[in-house]
Amino acid sequence: MKRLEALRVLADLTSGHPVVVTCAATSRELAAVKDSDNHLYLLDAMGLAGSVATGLALSVPPNAPKVVCIEGDGSLLMNPNVLPTGGYLAPPNLLLVLLDNGVYGSTGALPTYSARVNLARLAEAAAWITRSTDSVEGLRAAFEELCGIDGPAFLYARIEEGNAHDVAKLLIDPVTITTRFSRWLRQEHASEVGA
Ligand SMILES: [Mg+2]
C-alpha cells in the first residue's frame with residue numbers, strides 16, 4: 001500500500017472527524033487527495049501530531065466523532081512520549097493512524113528505528129488498543145472497527161517507501177489552516193457548547 005492509497009481511504013472515512021496530520025509529504029499528499037476544513041496540517045511541527053490530537057481528544061465530548069491523528073514513523077519516534085501519555089490519559093475518542101514506511105520519507109529516505117522497533121507493540125505496551133494492516137482493505141476495516149471502540153486506539157499501517165510524484169507544495173498559511181479548522185470544530189460542536 002502506498003501512502004497516497006492509504007490517505008485516499010482515510011480522507012474518505014474522516015469527513016466528519018477532526019484530523020490532525022503530521023508535516024511534510026503526508027500533509028502534502030493528504031491535501032492533494034482532499035483538502036478540507038477538518039484537516040489540521042501541522043506544517044513544520046514534526047513529532048507533535050499525536051500531542052495535539054491527544055489534547056484535542058481530551059477537550060471535545062467523549063462521544064464525539066473520534067479525533068484522528070495521521071502520523072509517520074519518523075515523527076512518532078521524534079516524540080514517542082505520545083504513546084505513554086495517550087495510554088495514561090486514555091481519551092476514549094482518540095484514534096492514531098501510524099503510516100510506517102520505515103524511513104524519513106520527506107528527507108532522503110534514511111531509515112528510522114522502526115526497522116527494529118515494533119511501534120505497534122510499543123503502543124500496545126502503553127495501553128493503546130491496536131490493530132495492524134498492510135492493505136487498503138485492511139486499513140478501511142480496522143479504521144471502522146476502531147471507531148466503534150473506546151480508545152485510545154492505534155492503527156498501525158505498513159506502507160511502501162516513496163512519495164507520490166507531482167504533488168504540489170502545501171502553501172496555505174498556517175494561520176489560515178488553524179482558523180478554518182477551529183471554525184469547523186466550533187460548528188461541529190455548537191450544540192454542546194451552546195453557540
Ligand atoms: Mg516514515
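In each ligand, atom 1 is the first atom listed, and ligand 1 is the first ligand listed.
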If you group Ile, Leu, Val, Met, Phe, Trp and Tyr whenever their side-chain heavy atoms sit less than 4.5 Å apart, what else falls in with Leu171?
none

Less than 4.0 angstrom from a charged side-chain N to a carboxylate O is my criterion; do Asp12 and Lys34 meet it?
no

Please name the pair of heavy atoms, one in Glu160 and one in Asn101, separated by the smallest distance, quoted to 0.1 Å.
O-CB, 3.6 Å

Lys/Arg-Asp/Glu bridge criterion (N-O < 4.0 Å) met for Asp73, Arg158
no

Hey, is there an N, O or S on Asp100 sitting under 2.8 Å from the Mg ion (ligand 1)?
no

The Mg ion (ligand 1) is nearest to which N, O or S atom of Asp73?
OD1

Row for the Mg ion (ligand 1): angle O (Val103) to OD1 (Asn101), 10° precision, value 80°

